[in-house]
Amino acid sequence: MISDVVRKTYTPTIGIECHVQLKTITKLFAAVGNDARDAAPNTLVSHICLGMPGALPVLNKKAVEYAMRVAFGLNVAPQKYSYFERKHYFYPDLPKGYQISQLSQPIILGGSVNLELNDKHKVVRINRVQLEEDAGKNTHPQGKNYSLVDLNRAGTPLLEVVSEPDIHSPAEAKAYARELWLLMRYADVSDADMFHGNMRFDVNVSVNKDPNLLGLRTETKNLNSFRAVEKAVEYEIKRQIELIEKGQIIVQETRGWDDAKQKTFSQRSKEEAHDYRYMPDPDIPPVVLDDYVVESVRKSMPVMPIEWRRRLAGLGLDRLVIETLIDAQAETPEANYLPFIEENLAEVAFSKFIVNHIVNTIDPIRKETSRTASNWDMYLKDIYDLQHTNKLSSTNAKALLVTLLSSGALPKDLAKYAEEQGFIQVSDEGEIAHIVSKVIKTNPKAADDIKNGEEKAVGFLVGQVMQNSRGKANPALAQELIKKQLDV
Ligand code: MN
């Protein structure tokens, strides 16, 4: 174990590569279905996926459009000229003997990702993003003397996003992974379903005592959750420092992540660079983007998280509340949480009321039922008005909203509906005075305390009045009447 003191003498440096699966209907170069989640093995294949001699790939236009969207999401324009190359290697899940990728002229060069950490804002620069095809999948059944190859995934479009080594802690690595996920969801280019491997992260980690020098790095591959990214980086930093402190050397190698053991493990050493014999793919013409095409994609971009944070900041919300909203919008874009808040930004108090109920009422229901009620925003203004004219307590405002969302009711007259459902606050003085006198009689000790100037006891009796009225008494009026009846 290394101490914090020793650890602080080292600077960790982390670069992250992320493969993002694009949600095109068909594959990158073949008119074959791209969603393999429920497909039987080798049913989404064609002569192109199988690499039959003479098969001619045709580039999917939508994949190029998605790449352009990601470029703008990364705050950079796509390259007007890019082309595809063949990256040669032999593996059973790659029948062609090469992967179609981009090396010399990728579709995106440069760009940046903006991170919000607890205490600071951070920019991670992007080196490049290349458009490429995925390979198939090998499985090795236990105890059998054969392996299985499924080519459903062969030819699925991927964007490989390569960061600069600008990341320096496990927390930053995790924040970067989440921000990329947000970006893909907001740009609407990928389902970004981590569970199904739509985003896979490879982390390059090194440590050095001199912050201006880079140590030998390891690459831990195929991490598929933000937590795994954070934990794998954390583990590698500790492991490498321990080795150096013991006078041993770091081996430059590829490692895997064992999620059950929360450990990285050696997969293969990377002593020499592979010779992939890259060459331009003669079957696919270069991609040349016209200005008007690039411009129309730029204009179609939605508001991205960095801009939402800026717009929401005006409401003076807690950072965590803002991030909860940003996540909720990413998870259910069709609910349009953020646009609805924005429509009402001019009314600050009402906007805060909306935010409060999205975070504490509406989004928790969505998470529980895995769906968003279509009427989530219809009655917020009415409920707000009822609460602020003292017809609804804040507790009953929430209860009324929950009832509306879970029943799917669409009442024409909300005040009437709230009345019928028993949520409307009683502000009838006679009725409350009656409950107050009853409560004072049954709580003589609290009544005495109030007479002796104990303010806390007033709160207690108001609570009793609320209970006796099943939450419907106007608490301000109840308090007034308690004091009046006790002569204080
Ligand atoms: Mn790749």
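Just follow the structure's listing: the first ligand is 1, and inside any ligand the first atom is 1. Below, all heavy atoms of this structure are taken into account, side chains as well, without hydrogens, waters or symmetry copies. All values reported here derive from a predicted model rather than from experimental measurement.
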Is the closest basic N to carboxylate O distance between Arg227 and Glu230 below 4.0 Å?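 Glu230 and Arg227: not salt-bridged.
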Less than 4.0 angstrom from a charged side-chain N to a carboxylate O is my criterion; do Arg309 and Glu179 meet it?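 Between Glu179 and Arg309 there is a salt bridge, with a charged N closer than 4.0 Å to a carboxylate O.
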Report the relative orientation of the aromatic rings in Phe84 and Phe29; use parallel for angles under 30°, tilted for 30 to 60°, perpendicular for over 60°.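 Plane angle over 60°, so perpendicular.
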Pairing residues for Thr403 by the side chain to side chain contact (heavy atoms under 4.5 Å, CB included) criterion, not counting sequence neighbours: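 By the side chain to side chain contact (heavy atoms under 4.5 Å, CB included) rule, Thr403 matches Tyr417, Gln421, Phe423.
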Among Asn34, Asn60, Leu22, which one satisfies side chain to side chain contact (heavy atoms under 4.5 Å, CB included) with Lys27?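 Checked Asn34, Asn60, Leu22 against Lys27; only one passes side chain to side chain contact (heavy atoms under 4.5 Å, CB included): Asn34.
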Anything protein N, O or S sitting under 2.8 Å from the Mn ion (ligand 1): count it and give me the total.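 Step by step: take the Mn ion (ligand 1), keep protein N, O, S below 2.8 Å, and you get 3.
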Under a 4.5 Å cut-off applied to non-hydrogen side-chain atoms, are Leu325 and Val359 in contact?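 When only atoms from C-beta onward are counted, Val359 and Leu325 do touch, with a gap below 4.5 Å.
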